[in-house]
Amino acid sequence: MIQTVKTKACLNNHIFEFVIPTPDGKFIARYSEAGLCELNFPSSQPGDPPIQPGPEPPEIIRKWHAQTVGALSDALTGRGPDRFPPLDLSAGSDFQQRVWRALLKIKNGETRSYGEVASAIGNAKAVRAVGGACGANPVPVLVPCHRVLAAHQKLGGFSSDMSWKKKLLAREGVRPADGWAK
DNA sequence: TAAGTGCGTCGTT
DNA sequence: AACGACGCACTTA
């Protein structure tokens, strides 16, 4: 159902940019030659994101994009995506990349606390820093930073609208006893 | 129980 | 040197 629209050669690097229309709004995906390097939530601001038509992207990138579109569609409906595009997380620091890789291991419908993620990357005391890395996640939804909660199933924070965190968790069937989900 | 304070910790700016 | 999508101990109400 979701169709790609336009592409754009961005900056001087070979970055291709796509809009992904979904029932939840227009996401924006960006690709480097290594894979999906950025996925943005729909802008809360009114008005369309200005994306200029660009050169036709290489075959491989169109393939990756098709995988992204499918994975995003699955994720937004609470299903665990089976096909992922390759991810280019190289923009992050070593620490951030370790965190993001750890997030990828959290299965659909599961959650971890910031502390558990910290332990998982072998840096148990870097709890707060893990929160920072989650906030810097360049590929939200697919890299499931929304599955990281505070201790004792408390919701914790989110960089963009908290409603996204609640929404994504609810669609995966995560409903803590407290009843923060709405 | 629920909410608020203080402090340790650590990566990032 | 200051700031967080934290966690924990400890107060108050």
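Worth knowing before you read on, the calculation uses all heavy atoms, side chains too, and leaves out hydrogens, waters and symmetry mates. Bear in mind the structure is a predicted one, so any value in this text is a computation, not a measurement. The chains referred to below are lettered A, B, ... by the order of the sequence lines, with proteins before strands, and numbering in each begins at 1.
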**Q** Are A:Arg171 and A:Asp24 ion-paired here, with the side-chain N under 4.0 Å from a carboxylate O?
**A** yes

**Q** From A:Phe16 CZ over to A:Arg62 CZ, what is the distance, rounded to the nearest 0.5 angstrom?
**A** 10.5 Å

**Q** Pull out every protein N or O sitting under 3.5 Å from an N or O of nucleotides 10-13 of chain B, one pair per line with the distance.
**A**
unit_1 : atom_1 : unit_2   : atom_2 : d
B:dG11 : OP1    : A:Asn123 : ND2    : 3.0
B:dT12 : OP1    : A:Ser93  : OG     : 2.1

**Q** Answer yes if the side chains of A:Asp94 and A:Gln96 hold a donor-acceptor pair under 3.5 Å, and no otherwise.
**A**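 Absent: no donor and acceptor within the cut-off.
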
**Q** Whole-Å distance between B:dA2 P and A:His152 NE2?
**A**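 In whole Å, B:dA2 P lies 13 Å from A:His152 NE2.
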
**Q** What integer distance in Å separates A:Phe158:CZ from C:dG4:C1'?
**A**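 Computing the A:Phe158:CZ to C:dG4:C1' distance gives 16 Å.
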
**Q** So which protein nitrogen or oxygen atoms get under 3.5 Å of nucleotides 10-12 of chain C's nitrogens or oxygens?
**A**
none

**Q** Test side-chain contact (heavy atoms from CB on, under 4.5 Å) on A:Leu155 and A:Leu169; report intermediate values, then the result.
**A** CA-CA 10 Å; A:Leu155 190 48; A:Leu169 286 169; 4.2 Å; yes

**Q** Using 4.0 Å as the upper bound for N to carboxylate O, is an ion pair formed by A:Glu172 and A:Arg79?
**A**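 No salt bridge links A:Arg79 with A:Glu172.
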
**Q** Would you write the dot-bracket representation of DNA chain B, where each base gets (, ), [, ], | or . depending on whether it forms a Watson-Crick or G-U pair under 3.5 Å and with which partner?
**A** ||||||||.||||

**Q** How about A:Trp164 and A:Phe41: are their ring centroids closer than 6.0 Å?
**A** yes

**Q** Taking any heavy-atom pair under 4.0 Å as a contact, classify A:Gly135: base, sugar-phosphate, or nothing.
**A**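 Answer is base: heavy atoms of A:Gly135 come under 4.0 Å of a base.
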
**Q** Using 30° and 60° as the class boundaries, would you call the ring planes of A:Phe18 and A:His65 parallel, tilted or perpendicular?
**A** parallel

**Q** B:dA2 P sits how many Å from A:Gln153 CD, rounded?
**A**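 Atom CD in A:Gln153 sits about 15 Å away from atom P in B:dA2.
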
**Q** Given the rule in the side-chain contact (heavy atoms from CB on, under 4.5 Å) test, do A:Leu36 and A:Asp88 qualify, once you have shown the distances and angles that lead to the verdict?
**A** CA-CA 5 Å; A:Leu36 177 64; A:Asp88 178 7; over 6 Å; no

**Q** Run the side-chain hydrogen bond (donor to acceptor under 3.5 Å, both in side chains) test on A:Glu38 and A:Asn40 for me, step by step, so that the C-alpha distance in whole Å, both residues' side-chain angles and the decisive distance to 0.1 Å come before the verdict.
**A** CA-CA 7 Å; A:Glu38 196 177 334; A:Asn40 293 335; 3.2 Å; yes

**Q** Could you check whether any side-chain heavy atom of A:Arg101 comes within less than 4.5 Å of a side-chain heavy atom of A:Lys105, counting everything from C-beta outward?
**A** no

